[in-house]
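Reckoned from all heavy atoms, side chains included, excluding hydrogens, waters and symmetry mates.
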Amino acid sequence: MTSDAPATDNRPFAIRTYAPAQLREALRRMYLIRRFEEGAEDSYMRGLIHGTMHLSIGQEASAMATCMELTDADKITSTHRGHGHCIAKGADVGRMFAEFFGKETGYCHGRGGSMHIADVRTGNLGANGIVGGGLPIAVGAALTAKRLGRDDVTVCFFGDGANNEGAFHEALNMASVWKLPVIFVCENNGYGMSTAVTRSTAVRHIADRASAYSMPGITVDGNDFSAVAEAVHAAIVRARAGDGPSLVENVTYRWRGHSKSDRNRYRTKEEIEEWMTRDPIARFRSELIAHGILDEAAADAVAAEAMAEVEAGIAFAKSSPAPAIGDVTRYVYAEN
Amino acid sequence: MNAMTETGLRVLSYSEAIREAMAIAMENDPTVILMGEDIGVYGGAFQVTLDLVDRFGPDRVMDTPISELGGAGVAVGAALTGLKPIYEFQFSDFAMLAMEQIVNQAAKLRYMLGGEASVPVVFRLPAGSGTGAAAQHSQSIEAWFGHVPGLKVLQPATPEDAKGMLLSALADPDPVMIFEHKLLYKMKGHVPEGSYLTPIGKALVRRSGTDLTIVAGSIMVHRALEAAERLAAEGISAEVIDLRSIRPIDAETILASVRKTGRLMVVYEGVKAFGVGAEISAMVAESDAFDHLDAPILRLGAADAPVPYNPDLERAAVPQVETIEAAARRLARREV
Amino acid sequence: MPVEVILPKVDMDMSHGKLATWHVAEGETVAKGAPLFDIETDKAAMEVESPASGRLLSVTAQPGDMVAVGTVVALIYAEGETVAETPIQTTAAPEPEAPVAKTVEPVPTATAHPAAIPQADPAVAPGLRATPAARAAARASGITLEEVPGTGPRGRIQRDDVAAFLAHRVEAPALASPGAGAWSAQPGPLHVSSRKGTGVPLVLIHGFTADSQSWAPLEKALGADRPLIRIDLPGHGRSPRRRLGSFAELARMVVEALDDVTRGHDKVDLLGHSLGGALALAAADIRARRIRSLALIAPAGLGPEIDAQALTGITRATRAESLAPWLRRLTATPDGISDDYARAAMRLRADPALRAFQAELAEILFPDGVQPFDLRPALSRLEIPTAILWGRSDHILPWRQALSITGDFALHLLADAGHVPQLECPDRVARILVRHLLM
């Protein structure tokens, strides 16, 4: 990180804050997320993936920019739309695909699948199938850091739907009362399944909820990598300083339906197409090229790298062994 | 219990034993913290944590807001990341507010994450009727949690077990729920000094007998023992098994006893239907001990009603010494 | 369901009885406890009371018929109860064309608690009821449960029923070995039977290895006026095998039973034989105010000596041939016990659990072949009229023990009588008792 840029620097926060290699890696991971989601969708249609899944295509900037400054010691809690968070936090797509394919080599040994994808080694405490389920857990993780005197922070991803769960309010209140190092990151993609935020939520911006719990709240363009990175950066600084939690709302959009069973009756084609013109990856890529971080050829190479990684990951997953049927109760308790 | 003092053995109350266990654990392990409503200077609704805040400070004896879902979830998150929290529900009834975190999160995280994570949280839950606290503060819902793989569910009946089980629960890498009967808090009994572990999942034959087996948990153990003593005067020899742990359940001890006596009665304070008795009855019926049954299995549980307020109704709603005695007599005399 | 009327065993060595006369004609109504029919054996004649109230139907035995004990000789239908097309058959029922039944052994439960059988309970599904343990036991011994009478609620067959069935079915005692040496405790109060009459009831307590039915000859000799109450000791007759550890515990059980049966009476007379004599003495000591007079025949507890070999021999015998020599010690002269008698007695002892229980009881009551309990002080405390009857040729308990006692009592020494004068010379015993009891 190079935050020693002059005050007159008018370049976007990310460009002036992170090293070119970091930015290139961020772009690579955003491509990786996009290609991963597309690969998962393709595998799903080929019948390789059991059950359903929730794709985050269109939300890559929110995931990646939020995780930009996190180390493996920092924790995240994720949501049912959590593939992007997992990759942004540093997971291996091969093991993720293996998990989706229900294989023993998957991150959860085939027990969790898409909705519980996790990588504890990189600090990802797991996606959660329960809306709002990760909020109190994130506060608990932050409590651990504070209690043990570590300067780790916890980022709690949640969607706009979760802001109406009781757990959201209880968690934000406790985090604030105890001044815990947690950053609540709301990915507001406009819909809780089919219900528009405007129909479900009394406040105009979800970040407005922050004032009720005496913490900073900010709403940013979630498809603007730099805007997200800047907002989360401020929250992390505050958290590491012991000043307590923050709420960051990333306004974004999912290109795909809620899940694979969504028939898209609640959104217009025009609305979706309009949001697709605001592709966060294309936007970040142009920004990097415009600021001379890389050129078109280098950007294409990054995209190709991501594509190759996804293809290798799918091949790895396909060739991996399934769990033994007799092991159905394995991992229920530590002793088995 | 005077007999015990005459023998020179140390005597503590059930709540003192629990407090001692918590103090020992906190002395020995800085990651152990207490959380709960009014557990600090107030000492907890039943005074179990009395004075601990003076010894260990408010950072380790944390008063939480009245937010059971959030509080339990914070404990789960803290456990997931390196602390060993003991979360006290003020009444076990309030665990229903936190079902999501207990059942969907604490119990399942290890499995969902393929064994890559542990949730060593301990929930303490004051339970049971007999205090005139009526329908929402007197329930015995331990069987609900017996249905959840991933949890361990304990019911100590004596001060010695209350301490040993709490220490065992803390040593266990998985979530443990300890249901403490409110009427037992003042009960006195011998409690060994220092740290010791009461095995989890091991029932105890508290009284040997040959004519019938009575399996009971928590306060019902004492009622069953008194009934057995009265029956002995009539020549009826009842074996009384203290279940101690609902999950895991000690099938072997129960089945061995049924093979011996051929007659089984299960006594529990939860509502009779779909309870501990159903599980044990079915377990016996499915086992080789079935062929040793010489009478129908009897279940004595709570009436099919919420716990009533009127003291006579309240007493009548759950098994008492007289009802246990009468049912056991009928079973032993082949009248069932 | 109609209540079965069976031909009961009324005498020690009885396998058959002659139905002498019916007091109630077929089709008539009868009240529970009213005289129903008379039976005769070579030793006794007895009136049998009706086990239930209702209409007498399905009479299968006529006056003069020889009938195996335990055979259903009639059914009593409750008022309004539908009469079955064909009488209910039981294993002990004789073939209609063969009124003299084949040798079918009595099953002690054939009269099984008729009161416990609900009349036409719609909730009771037809078909056989048996516990898993009973089914397992039946499988293991290769019998079909249809043969086994159930004594549990609604006729349910329990493990004990199978054991009892096996014990009584087995002809060759050697085959009775499954379970030999082992017994399981049974709960419940001691079994008490009674005979109605007028006046002060006489309570009878039998001796070790005997049962209430051993009083039959004496009862006949005493006449039919007095009400009688007979107590079966634990593990004897129809009493449950109760676990006990000492004479004192046994005495407490007997006193409990006595309290139960004498509740409706101001005072009773008490008669006990041998171990039953010791128990009667103990009971009289404990319940002095409830006892009008006490009579003891060859009572135990008045000295340490006892013929322990005979006790062991009786409890250990598994066949009539080995039982007979010990039985012959009971009487003044060996010819008092016929081989038939020994066989009948052995059949009553066929249940290995009963033998195991009694063997263990002998060890508890008479350890190392002595009588450790001493009731001489109790006797000296008694203030009620007390008579002791003792055979001069008693080989089990020496009558001279009576001479070492202090206290006021009458001692009747019976010439040519052994340890069981009530069986050997019931008329002489009855005469003494009648005088003593002011009957």
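Using a 4.5 Å cut-off between heavy atoms, B:E116 contacts chain A through both its backbone and its side chain. When heavy atoms are compared at a cutoff of 4.5 Å, A:Y107 approaches chain B solely by way of its backbone atoms N, CA, C and O. Contact of B:D59 with chain A is made through backbone and side chain together, with heavy-atom distances under 4.5 Å. In this structure, no portion of B:I66 lies under 4.5 Å from any heavy atom of chain A. Contact annotation for A:A141: both backbone and side-chain heavy atoms come within less than 4.5 Å of a heavy atom of chain B. Contact annotation for A:V332: both backbone and side-chain heavy atoms come within less than 4.5 Å of a heavy atom of chain B. Heavy atoms closer than 4.5 Å to chain B are found in the side chain of A:L148, but not in its backbone. Using a 4.5 Å cut-off between heavy atoms, B:V119 does not touch chain A at all. Only the backbone of B:P30 comes within less than 4.5 Å of a heavy atom in chain A; its side chain stays farther off. Neither the backbone nor the side chain of A:V182 comes within contact range of chain B; no heavy atoms are under 4.5 Å apart.
Contact detail for A:L180 and A:A142: the closest heavy-atom pair is CB-CB, 3.9 Å. Scanning all heavy atoms of the two residues, the minimum distance from B:R60 to B:D29 falls at NH2-O, 3.0 Å. In this structure, A:T144 and B:G77 approach most closely via the heavy-atom pair OG1-O, 4.3 Å. Of all the heavy atoms in A:A324 and A:E104, the pair that sits closest is N-OE1, 4.4 Å. Heavy atoms only, all atoms of each residue included: B:I178 and B:A169 are closest at CD1-CB, 3.9 Å.
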| task | Please lay out, stage by stage, how B:L125 and B:E180 fare under the test side-chain contact (heavy atoms from CB on, under 4.5 Å). | result | CA-CA 6 Å; B:L125 305 103; B:E180 303 162 357; over 6 Å; no
| task | Report the C-alpha separation of A:F184 and A:F168 in whole Å, then their side-chain angles, then the decisive distance to 0.1 Å, and conclude whether the ring-ring contact (aromatic ring centres under 6.0 Å, His included) test is met. | result | CA-CA 10 Å; A:F184 297 100; A:F168 166 87; 7.2 Å; no
| task | Could you walk me through whether B:R55 and B:E27 pass the side-chain contact (heavy atoms from CB on, under 4.5 Å) test, one step at a time? | result | CA-CA 10 Å; B:R55 271 179 80 181; B:E27 287 285 356; 2.8 Å; yes
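Outside the 6.0 Å centre-distance limit, the rings of B:Y111 and A:H116 are not counted as a close aromatic pair.
The candidate with the highest count of non-hydrogen atom pairs below 4.5 Å against chain A, out of B:L113, B:D172, B:L97, is B:L113. Between chain A and the options B:L80, B:V76, B:T31, heavy-atom pairs under 4.5 Å are most frequent for B:L80. No other option in B:S67, B:G82, B:G115 has as many heavy-atom pairs under 4.5 Å with chain A as B:S67. Of the listed residues (A:G133, A:A167, A:A118, A:G112), the one with the most heavy-atom contacts under 4.5 Å to chain B is A:G133. Heavy-atom pairs under 4.5 Å with chain B were tallied for A:V177, A:I130, A:L135, A:D152; the largest tally goes to A:I130. For the options A:R330, A:K146, A:E99, A:R147, heavy-atom pairs under 4.5 Å to chain B are most numerous at A:R147.
Remark: B:Y268 OH to B:E279 CD distance equals 11.0 Å, nearest 0.5 Å. For the atom pair CD1 of B:I102 and CE of B:M99, the computed distance is 6.5 Å after rounding to the nearest 0.5 Å. Distance check: B:Q90 CD to B:F46 CZ gives 7.5 Å after rounding to the nearest 0.5 Å.
Applying the side-chain hydrogen bond (donor to acceptor under 3.5 Å, both in side chains) test to pairs two or more places apart or on separate chains, those with a residue in residues 126-136 of chain A are A:N128-B:Q105.
Partners of B:D54 under the side chain to side chain contact (heavy atoms under 4.5 Å, CB included) rule, at least two apart in sequence or in another chain, are B:D51.
The ring-ring contact (aromatic ring centres under 6.0 Å, His included) test with A:F100 singles out one residue from A:H54, A:H83, A:H50, and that residue is A:H83.
Salt-bridge annotation for B:E142 and B:K152: absent, with no side-chain N of the basic residue lying under 4.0 Å from a carboxylate O of the acidic one. A:D119 has no carboxylate O lying under 4.0 Å from a charged side-chain N of A:K89, or vice versa, which leaves the two without a salt bridge.
Residues of residues 36-44 of chain B lying under 4.5 angstrom from chain A, judged on non-hydrogen atoms, do not exist here. Contact residues of residues 239-249 of chain A toward chain B are absent (heavy-atom distance under 4.5 Å).
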